[in-house]
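Just below is one structure, and these are the notes that go with it.
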Number of protein chains: 2
Amino acid sequence: MSKQTKARIIDAAEALFAEQGYGQTSMREITSKANVNLASVNYHFGSKKNLIQAVLKRYFDVLMPQVDDMLETLIPSQGRKGVDQLLQGLALPLLHLNAVQPNGTEIFVQLLGKGYTESQGHLRKFILGNYGETIEGLLSMLRIALPAIPADELFWRLHFAIGSFVFSMASSQALKDIAKADYQQDIEIQDVIAHLVPFVAQGISAEGYAREL
Amino acid sequence: MSKQTKARIIDAAEALFAEQGYGQTSMREITSKANVNLASVNYHFGSKKNLIQAVLKRYFDVLMPQVDDMLETLIPSQGRKGVDQLLQGLALPLLHLNAVQPNGTEIFVQLLGKGYTESQGHLRKFILGNYGETIEGLLSMLRIALPAIPADELFWRLHFAIGSFVFSMASSQALKDIAKADYQQDIEIQDVIAHLVPFVAQGISAEGYAREL
DNA sequence: GTCTATAGGATGATAGAC
DNA sequence: GTCTATCATCCTATAGAC
């Protein structure tokens with residue numbers, strides 16, 4: 001029953017990776033949580049690096065085609081409205097990742113964040129190599145929406161935006177606890193995205209540029 | 001010469017922690033870079049955890065009193081202007097950390113970012129326990145600047161803002177690489193902060209609220 | 001495909017000589 | 001305070017029996 005073992009390894013690995021990070025998660029933890037033998041990871045995936053990429057691939061292969069579709073059907077608008085459209089258009093495919101796996105959206109974004117902050121060089125290569133065109137498409141749509149903002153300024157804002165999202169996910173357990181205790185709110189990933197969209201849209205569309213300090 | 005050894009360990013440790021993260025940096029790397037004996041870390045600091053806290057303490061003890069001063073002398077303004085003031089007011093003490101150590105600001109924020117994303121529980125306790133009052137002061141100043149925004153909405157935006165900053169620093173090596181490769185820019189920490197302030201100020205001050213998806 | 005056993009290293013921490 | 005030597009424990013990866 002190879003398929004079962006392989007799937008169980010991926011399921012266990014992604015949960016542990018998302019929670020603890022790649023470097024801090026050992027093969028022993030993974031195989032123990034998956035109830036499979038330690039050696040089976042190397043049999044099925046070859047190495048830990050390959051396992052990490054396989055975990056992400058399952059999500060990217062669902063997400064990216066949907067983003068491509070969205071980009072194709074989107075009628076470009078300029079300014080804040082165009083940015084809003086784009087972000088809303090991204091939100092839906094992201095939420096569809098919940099179909100891959102219960103809690104899939106949250107897991108995926110956490111995996112992304114950990115990949116960024118741990119310097120997993122092989123991950124960047126893997127993502128850009130396999131899904132670079134979609135990312136390029138997103139960027140050019142953003143450039144159309146904000147033609148007055150220089151490319152390098154857009155680069156900065158995009159990363160700040162990603163940071164807002166990824167960090168919120170990375171510390172989502174803390175956020176959930178605080179929100180429940182202080183504001184009597186139960187938070188789901190939809191809520192995070194709903195609050196995030198106006199914040200990011202506003203920040204990205206800002207007309208003032210960097211100023212000397 | 002205890003003092004020299006202790007200082008050399010801290011210097012070497014903070015550089016390695018900022019670059020690689022806490023978990024990925026071994027005592028052997030630290031002592032080798034510092035040119036001291038392996039056992040001296042445990043002699044002077046007791047444990048790796050204590051060393052991590054000592055590294056951060058050197059920066060916090062400079063930063064936080066300056067933030068306190070800033071908060072005391074600040075004349076509160078409302079709206080986007082008040083937010084801008086507050087962020088600018090934070091930027092200067094942060095940049096003063098370059099006096100602690102060459103490249104001190106960058107190192108400090110990277111240390112913070114790594115501490116957030118690696119789940120170093122002891123670090124959060126250490127920070128809140130020792131510098132919680134300053135953080136509370138910052139929060140109440142923000143509430144004065146944006147009285148119309150409900151507390152829970154402010155809570156969200158604050159975390160998005162922190163996320164932009166921390167994430168940008170935690171992944172600053174990646175950002176530098178990309179910026180140099182794609183935009184021929186050499187990035188300094190001032191640049192990150194200068195680009196970040198308008199983005200965050202604009203996002204925090206946004207008048208639109210969360211919308212159902 | 002799955003298992004045990006183990007190679008071959010790295011890690012944090014410490015005992016004890018100097 | 002500084003050193004060497006070492007303990008005990010972790011790690012990834014693999015060889016080889018079943």
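Note on naming: letters A, B, ... go to the chains in the order of the sequence lines (proteins, then strands), and numbering restarts at 1 for each one.
Taking the centre of each ring, Phe199(A) and His195(A) stay at or above the 6.0 Å mark.
In this structure, Ile30(B) atom CD1 and dA10(C) atom C1' are separated by 14 Å, rounded to whole Å. Atom C1' of nucleotide dC10(D) and atom CD of Gln24(A) are separated by 13 Å, given to the nearest angstrom. Residue Lys48(A) contributes atom NZ, which lies 12 Å from atom C1' of dA13(D) at whole-angstrom precision. Rounded to whole Å, the distance from CG on Leu38(A) to C1' on dA13(D) is 9 Å. The OH-P distance, from Tyr43(A) to dT4(C), rounds to 17 Å in whole Å. Here the P atom of nucleotide dC10(D) and the CE atom of Met27(B) are 17 Å apart, to the nearest Å. Atom NZ of Lys6(A) and atom P of dT2(C) are 11 Å apart (whole Å). In this structure, Arg28(B) atom CZ and dT6(D) atom P are separated by 14 Å, rounded to whole Å.
Within the structure, every side-chain polar atom (N or O) of Ser40(B) is placed at least 4.0 Å from both OP1 and OP2 of dG1(D). The phosphate of dG12(C) (OP1 or OP2) has no side-chain N or O of Ser47(B) nearer than 4.0 angstrom. Within the structure, every side-chain polar atom (N or O) of Asn37(A) is placed at least 4.0 Å from both OP1 and OP2 of dT2(C).
Nucleic acid contact class of Thr31(A) (heavy atoms, under 4.0 Å, all strands): none.
With distances taken from any side-chain atom of Ala39(B) to the nucleotides dG12(C), dT4(D), dA13(D), the minimum falls on dT4(D). Proximity note for Asn42(A) (side chain, C-beta onward) versus dT6(D), dT14(D), dT2(C): the nearest is dT14(D).
A salt bridge is absent between Lys6(A) and Asp11(A); no separation between the charged side-chain nitrogens and carboxylate oxygens falls under 4.0 Å. By the 4.0 Å N-to-carboxylate-O rule, Glu14(A) lies too far from Lys33(A) to be salt-bridged with it. Residues Arg157(B) and Asp152(B) are not paired through a salt bridge, judged by the lack of any N-O separation under 4.0 Å between the basic side chain and the carboxylate.
For the pair Ser26(B) and Asn35(A), nearest-nucleotide mapping onto DNA chain C gives the more 5' position to Asn35(A).
In this pair, Phe108(B) and Phe60(B) present their aromatic rings perpendicular. The plane angle is above 60°, beyond the 30 to 60° band.
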